[in-house]
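First up is the structure itself, then whatever we jot down about it.
Within every chain, numbering begins at 1; the chains are lettered A, B, ... in the order of the sequence lines, protein sequences first and strands thereafter. Worth saying up front: this structure is predicted, and the values here are computed from it rather than measured.
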There are 2 protein chains.
Amino acid sequence: MYISTKGRYGTKALFELALHAGEGPQALREIAARQGLSEHYLEQLVGPLRKAGLIQSIRGAQGGYVLGRDASDITVGDILRVLEGPVSPTECALENFDFSHCCANPQVCPDRDVWIKVRKGIEQVVDTITLRDLVEDWQSNVERAPVYYI
Amino acid sequence: MYISTKGRYGTKALFELALHAGEGPQALREIAARQGLSEHYLEQLVGPLRKAGLIQSIRGAQGGYVLGRDASDITVGDILRVLEGPVSPTECALENFDFSHCCANPQVCPDRDVWIKVRKGIEQVVDTITLRDLVEDWQSNVERAPVYYI
DNA sequence: GAGGGAACGCAGTGGTCCGCAGGGGTGTGT
DNA sequence: ACACACCCCTGCGGACCACTGCGTTCCCTC
Ligand code: FES
Ligand code: FES
């Protein structure tokens, strides 16, 4: 039931970009160091994120990454869908499910409604929390407990 | 992000037991056939379910399985926790997390609150839906569309 | 225009889990 | 005794995870 590190690392990386938005491009090396991640593994994750338009890359020396959209326009769900695939407990709980997989006769499947409710419960959370929210929450937390992470 | 077939098959099996509660022990062969599952694979799943007390086994000829508790006292979450492990998107979102894993400094982790909210969103669904609910919903569905599954 | 920083890309690797299948053992009704 | 059905261990091909290694391309700086 756990999501993989892809989703977590990706969220951390984009949080880092949101936190330092407006300070020029952020190099992966810096992001990885600040969040304690493997730089090279992170490289694999930013590829899909760039292709999805969530981030933008600046090549060459002093290059790095910036957010592709405003921080208030990127949700955690956006990141998870790129790196983890559909945000759903089962395939049959997806919007446009074609009834050819999963149960033999899904029209009367006793469980499908459960999985759909779970999906909506997850979406309710990840689609409403933006990077901007994360930054604001973190800053107000730091105010109360000013312990900077490594 | 998908849960595995363990959770789905287990839920289906226990739904079957709830549906035929009071009709004596149900053999795995019957359950597997009615739900279109591999009988032998199902055997692996019922072991943990029995040890967790969710079902009870009757050995010998004409044996089978019955629910260990009343159908209204078994939630989907109970089943998932036995077969899939903790119902949580990350380890750090669990109730009694000891802060030694996951982030370097989780006290100010920007993401942990998100994962906790996701966990609570999932729990809100799976801990409130009981087997009895599934049976009732299914019976009223059959009334509207009387197509019995295989 | 040379140097070097940093983004790209591909390939491999040890580990874990999934979704079974096979085969045997054990207890119990008829 | 026999059949039935639970019980348990083993193996196995495949997929994914979490990296690591290495080379290439781009482009700013000196
Ligand atoms: S249709 Fe997916 S569990 Fe039944
Ligand atoms: S403490 Fe788990 S993501 Fe930070």
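A:G64 comes within 4.0 angstrom of the backbone, heavy atoms only, and of no base.
On the nucleic acid side, DNA chain C contacts chain A at distances under 4.0 Å to non-hydrogen atoms, with the end points of that region at C:dG4 to C:dA11.
Atom CG of B:L45 is separated from atom P of D:dC7 by 13 Å (rounded to the nearest Å). B:R50 places its CZ atom 17 Å from the P atom of D:dA5, with the value rounded to the nearest Å.
One end of the helix from C:dG1-D:dC30 to C:dT30-D:dA1 points its axis 10° away from the other end's axis, with each axis taken from 5 pairs and the angle rounded to 10°.
Shown here are the ring-ring contact (aromatic ring centres under 6.0 Å, His included) partners of A:Y2, two or more places apart in sequence or in another chain: there are none. Applying the salt bridge (Lys or Arg N to Asp or Glu O under 4.0 Å) test to B:D73 and every residue at least two apart in sequence or in another chain returns B:R69. In this view, B:D70 satisfies the salt bridge (Lys or Arg N to Asp or Glu O under 4.0 Å) rule with no residue, not counting sequence neighbours.
Side-chain atoms of B:S88 never come within 3.5 Å of backbone atoms of B:E91 as a donor-acceptor pair (strictly under, hydrogens ignored).
Around the CD atom of A:E23, the shell of radius 6.0 Å holds more than 12 heavy atoms that belong to other residues, nucleotides or ligands. Counting non-hydrogen atoms of other residues, nucleotides and ligands closer than 6.0 Å to CZ of A:R132 gives a total of 12 or fewer.
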Report summary line: A correct 5'-to-3' footprint of nucleotides 16-30 of chain D, with B, S and - meaning base, sugar-phosphate only and no protein heavy atom under 4.0 Å, is -SBBBBB--BBBBS-
